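Chain A is the first sequence line, chain B the second, and so forth, proteins listed ahead of strands; every chain is numbered from 1. This structure is a prediction, so every number in the text was calculated from the model and none was measured.
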There are 2 protein chains.
Amino acid sequence: MNIKDVAERAGLPAKTIRYYEEIGLIRPLRSANGYRAFRDSDLHKLAFLARARGLGFTIEDCRKLLALYEDRGRASADVKALAEAHLTQIAAKIAELRAMEETLSHLVHACAGDDRPDCPILKGLETGAETGCCGA
Amino acid sequence: MNIKDVAERAGLPAKTIRYYEEIGLIRPLRSANGYRAFRDSDLHKLAFLARARGLGFTIEDCRKLLALYEDRGRASADVKALAEAHLTQIAAKIAELRAMEETLSHLVHACAGDDRPDCPILKGLETGAETGCCGA
DNA sequence: GTTGACCTTCCCAATACTGGAACCCTTATC
DNA sequence: GATAAGGGTTCCAGTATTGGGAAGGTCAAC
């Protein structure tokens, strides 16, 4: 298979596939003309990578997951540990975003959004205070 | 004020402050010895930037916010529009992370996490299916 | 043989910093 | 005056993960 075929089937841009080869995630063969010649196993790995990346795993995590995927003697505990650590990071990121969302939505609600210059959002950014809409 | 003082007061690393100058967010004066000489107005801007960045605004959004902050004749609607667009992006990011979290936590819960190789997480990444724990 | 769709490598851009090297300035101490 | 500590400066390179595009080789069809 040439790169465009695997790209479509794995759901990854060709550019990304070349990059994954460059950093050693896959090692496709080469045809006589210099084209990459992907085996089914390469396609499987790329689809695996696409899904792992889609779940937010870093490339380095993907490298470890791929190694476990290929290791018939792996312990599922190792996979689970990786996934749990990643879940923890996802939860932390969500919490961070929610905090931003909360602060910012308070400010937005306090802002008239008209043609006058008075703006609680800018005031909040200036002073570090929120709108003060509900106490203190 | 020298850079270390403003860094502490604004809550930003000195490196970051130099970077902000490089990209034109601030324009501190220079002393005869070549040191940056920060005015109070520079400090205010840096603190403003630190808070805006803390709310997840991109640097380019910060640039616009700073321009509005400095424009005494701004319309608060412009600020609000920026903030609302950012809120939308935050919400989208949260939704994305939650989807990842949900999929991954299903897989994790289905995984025994012992020393055997059988692993629903790897299977899920291989096939694109979730655990199938609840139907289908 | 020419067109058009592939493929290749290589370099640059993006985000928002972060680290380090090499070197200059200031102040205090010996 | 020498030295050392603790500032400051610039410049280069790197992070993570692509995306864009140039310059050029290859293949299949007409």
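- Rounded to whole angstrom, the span from the CD1 atom of A:Ile17 across to the P atom of D:dT17 amounts to 16 Å.
- Atom CG in B:Leu12 sits roughly 14 Å away from atom C1' in C:dT18 (whole-Å rounding).
- Judged by closest nucleotide on DNA chain D, B:Phe38 is the one of B:Phe38 and A:Pro13 placed further toward the 5' end.
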Under 3.5 Å, which N/O atoms of the protein pair with N/O atoms of nucleotides 27-30 of chain D?
unit_1 : atom_1 : unit_2  : atom_2 : d
D:dC27 : OP1    : A:Asn33 : ND2    : 3.3

Start with the C-alpha gap between B:Ile121 and A:Leu82, add the side-chain angles, then the distance that decides, and say whether side chain to side chain contact (heavy atoms under 4.5 Å, CB included) holds. CA-CA 10 Å; B:Ile121 301 170; A:Leu82 252 176; over 6 Å; no
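- Between B:Glu101 and B:Arg98, no side-chain nitrogen of the basic residue sits less than 4.0 Å from a carboxylate oxygen of the acidic one, so the salt-bridge criterion is not met.
- Here the rule is side chain to side chain contact (heavy atoms under 4.5 Å, CB included) with A:Arg53, and of A:Leu12, A:Ile59, A:Thr16 only A:Ile59 fits it.
- Within the structure, ring-ring contact (aromatic ring centres under 6.0 Å, His included) pairs that include any residue of residues 23-73 of chain B comprise B:Phe48-B:Tyr69, B:Phe57-B:His86 (at least two apart or interchain).
- Sorted by first and then second residue, the pairs that involve residues 68-82 of chain B and meet salt bridge (charged side-chain N to carboxylate O under 4.0 Å, His left out), not counting sequence neighbours, are B:Lys45-B:Glu70.
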Can B:Leu107 and B:Lys123 be said to form a side chain to side chain contact (heavy atoms under 4.5 Å, CB included), step by step? CA-CA 9 Å; B:Leu107 294 173; B:Lys123 276 201 193 98; over 6 Å; no
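- Sorted by first and then second residue, the salt bridge (charged side-chain N to carboxylate O under 4.0 Å, His left out) pairs involving residues 22-36 of chain B (not counting sequence neighbours) are B:Glu21-B:Arg30, B:Glu21-B:Arg36.
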Starting from the C-alpha separation in whole Å, work towards a yes-or-no answer on salt bridge (charged side-chain N to carboxylate O under 4.0 Å, His left out) for B:Arg116 and B:Asp118. CA-CA 6 Å; B:Arg116 285 171 301 171; B:Asp118 185 56; over 6 Å; no
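- Between the axis at the start and the axis at the end of the helix from C:dG1-D:dC30 to C:dC30-D:dG1 there is an angle of 40°, using five pairs per end and rounding to 10 degrees.
- If you measure from atom CD of B:Glu22 to atom C1' of C:dT18, you get 13 Å, rounded to the nearest angstrom.
- Atom CD1 of B:Ile3 is separated from atom P of C:dC24 by 19 Å (rounded to the nearest Å).
- When each of B:Arg39, B:Arg9, B:Glu8 is paired with B:Met1, the side chain to side chain contact (heavy atoms under 4.5 Å, CB included) condition holds for B:Arg9 and for no other.
- Distance check, rounded to the nearest 0.5 Å: CG of B:Leu87 to CG of B:Leu55 gives 9.5 Å.
- Nucleotide C:dT18 holds its C1' atom 14 Å from the CD1 atom of B:Ile23, rounded to whole Å.
- Residues B:Leu29 and B:Ile26 do not share a hydrophobic cluster, defined by chaining ILVMFWY side chains whose heavy atoms lie under 4.5 Å apart.
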Across nucleotides 9-16 of chain C, 5' to 3', mark each nucleotide with B, S or - according to how protein heavy atoms within less than 4.0 Å reach it. BB-----B
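- For the pair B:Thr16 and A:Asn2, nearest-nucleotide mapping onto DNA chain C gives the more 5' position to A:Asn2.
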